[in-house]
Amino acid sequence: MRAAVVNAFGGGFDIEDIDIADPLGREVLVDVKASGLCHSDLHFAQNDFGMAPPMVLGHEVSGVVAAIGPDVTEFAVGDHVVGSLVQFCGACDECLSGRTVRCLRPEATLRAAGEPPRLSRRGEPVLAAMGTAGFAERALIHENQLVRIDPAVPFPEASVLGCGTITGAGAAIHAAGVTAGDTVAVIGLGGVGLNVVSGARLVGAARIIGIDLNDEKLELARAFGATDWVNAGEGDVVARVRELTGGGVDHAFEVIGRRQTVEQAIAMLRVGGTASLIGIHPAGGTFEVDANTLLREQKKVNGVYMGSSNIKRDIPFYASLFLQGRLDLSDLIASEIALDDINSAYAALHSGKTARTVITRF
Ligand code: PAD
Ligand code: ZN
Ligand code: ZN
């Protein structure tokens, strides 16, 4: 099958023919219909985050079940599904408490050492990264990392549910716990940040300030529910947010992964506010915070992973909101491309000009 293979960090994606195994145990073979270009995959393709080439990335996957392993109970051939990089065992203390995103045995959804690899090239193993490996015609995914959804949700919109939406909306709703009447700022309005805006709107935030360097993104954020917007390239962002809110926001979300914007997020909080950090930093990235200001002003810094989502509960929930017309997913989709165009599409994402680009031709 055709797949976009990362052969070296920083070397881009090579479109190649590779082999995919038949499903074992609880694995499901998915005929991939849409695969979203999350910024995280660009980080993973350029830097060593513990996944080594040759590898197939891609973790915003939707498609149709083509075959199931002998122990699969939850899915049947023909089901429409969404995949997620959240790996969970279903049996540890965290999983049993519903916090599957904190699973203590996430490797349970991968093949064990000694088993044949899911992906290979001329007999050599190719890493099926994150257990999803969605930048390919087909994907072999453990049933815990898959969720069945209503076939009425189009595949491109369904794919974004797998990361951008659960991460962004989940950050506002679950990880930060924004409530009705809160003031919110979102720094970085890409595929994830726009979903933070949606989550804040859903729970009734009083004001949602969108912050980005691109005016097109600020305009888009307005459609998603931002009530105010600030171009970060024009003047002092923190001063502007403080002025708009009369002293700072209850919640600031950093959705880029830069030291400067993390420090801005903490600085723009009102007393007692929470800064939620979503953007992924280069390995070893750090930031500084004045300790006495933090304690005197009772500020909280909240590290957010996948929006603290429970994918089996949250993906069908967001899908139903979309079908009811209460959650915009379609305006996230900037364009649908062919697998062959993945390198140029990632170059465009890097420039900050597009929200989500989705591969729909393989
Ligand atoms: P994206 O590239 O679509 O969006 C980033 C946005 O930030 C763009 O709109 C840029 O214009 C904007 N931007 C860049 N610099 C600045 C600046 N200085 N001030 C204001 N705006 C700026 O990325 P994305 O939405 O796909 O992902 C955002 C980050 O979230 C990225 O680092 C990704 O790896 C991370 C992520 N984290 C998790 C998690 O669980 N923590 C999950 C998914 C994605
Ligand atoms: Zn992602
Ligand atoms: Zn577990």
Side-chain angles (χ1 to χ4, degrees), residues 38-44 46-47 49 101 163-164 167-178 182-197 199-200 205 207-214 217-218 221 226 228-245 247-308 349-352:
C38 178
H39 204 123
S40 299
D41 285 312
L42 188 58
H43 293 304
F44 304 150
Q46 291 178 331
N47 306 284
F49 280 89
V101 75
C163 178
T167 298
I173 299 170
H174 301 298
V178 175
D182 285 350
T183 50
V184 172
V186 183
I187 313 175
L189 299 167
V192 180
L194 289 168
N195 277 294
V196 178
V197 173
R207 288 184 79 176
I208 306 170
I209 305 169
I211 303 168
D212 203 287
L213 293 167
N214 281 292
K217 290 292 183 57
L218 298 174
D228 303 83
W229 35 95
V230 174
N231 187 316
E234 298 166 6
D236 182 339
V237 179
V238 173
R240 182 74 188 118
V241 169
R242 288 190 166 281
E243 182 187 305
L244 280 168
T245 53
V249 287
D250 297 303
H251 288 277
F253 293 86
E254 200 278 353
V255 207
I256 306 161
R258 289 169 51 95
R259 176 184 181 136
Q260 182 200 22
T261 40
V262 166
E263 291 173 0
Q264 286 172 348
I266 298 168
M268 67 177 62
L269 296 174
R270 58 173 291 164
V271 173
T274 301
S276 292
L277 312 187
I278 301 173
I280 295 179
H281 294 247
T286 57
F287 59 89
E288 262 183 34
V289 52
D290 180 82
N292 289 331
T293 307
L294 195 78
L295 63 91
R296 194 177 55 245
E297 299 189 0
Q298 302 152 63
K299 293 179 174 179
K300 291 177 274 301
V301 178
N302 186 23
V304 179
Y305 183 63
M306 300 307 291
S308 299
L349 180 72
H350 196 60
S351 74

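Just so you know, these numbers use all the heavy atoms, side chains as well, and skip hydrogens, waters and symmetry mates.
- Here CD1 of I208 is found 9.5 Å from CG of D228. Values are rounded to the nearest 0.5 Å.
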- Message: Using side-chain contact (heavy atoms from CB on, under 4.5 Å), reason through I173 and V178 one step at a time and then give a plain yes or no.
- Response: CA-CA 6 Å; I173 299 170; V178 175; over 6 Å; no
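- A side-chain donor-acceptor contact under 3.5 Å links D250 to the backbone of T183.
- When every heavy atom of V271 is checked against every heavy atom of Q298, the shortest pair comes out as CG1-NE2, 4.1 Å.
- We find the CG-CD1 distance between L277 and I280 to be 12.0 Å, quoted to the nearest 0.5 Å.
- In this structure, the side chain of N47 does not engage the main chain of A283 through any donor-acceptor pair within 3.5 Å.
- Using a 4.5 Å cut-off on side-chain heavy atoms (C-beta onward), L189 and W229 make no contact.
- When every heavy atom of A265 is checked against every heavy atom of A252, the shortest pair comes out as O-CB, 3.5 Å.
- In this structure, M268 and A185 approach most closely via the heavy-atom pair SD-CB, 3.6 Å.
- Aromatic ring orientation, H39 versus H350: tilted (interplanar angle from 30° to 60°).
- Taking CD from Q264 and CZ from R258, the interatomic distance works out to 8.5 Å, rounded to the nearest 0.5 Å.
- Here Q46 contributes atom CD and D41 contributes atom CG; the two are 11.0 Å apart, rounded to the nearest 0.5 Å.
- Atom CD1 of I278 sits about 10.5 Å away from atom CD1 of I256, to the nearest 0.5 Å.
- Annotation: side chain of I187 is not in contact with side chain of V237 (no heavy-atom distance under 4.5 Å).
- Listed for the K299 side chain is no donor-acceptor partner under 3.5 Å among the backbone atoms of T293.
- Nearest heavy-atom pair across A221 and V197 is O-CG1, 4.0 Å.
- No side-chain heavy atom of V289 sits under 4.5 Å from any side-chain heavy atom of V301.
- Residues I209 and V186 have side chains not in contact (no heavy-atom distance under 4.5 Å, counting atoms from C-beta outward).
- Judged purely by atom type and a 3.5 angstrom limit, R207 uses its side chain to pair as donor or acceptor with the backbone of L244.
- Looking at every heavy atom in both residues, V241 comes nearest to V249 through CG1-CG1, 3.8 Å.
- Residues V304 and F253 fail the side-chain proximity criterion, which asks for heavy atoms closer than 4.5 Å.
- Residues R240 and I211 fail the side-chain proximity criterion, which asks for heavy atoms closer than 4.5 Å.
- Residue E288 comes nearest to E263 through the heavy atom pair N-OE2, 2.7 Å, listed as atom of the first residue, atom of the second, then distance.
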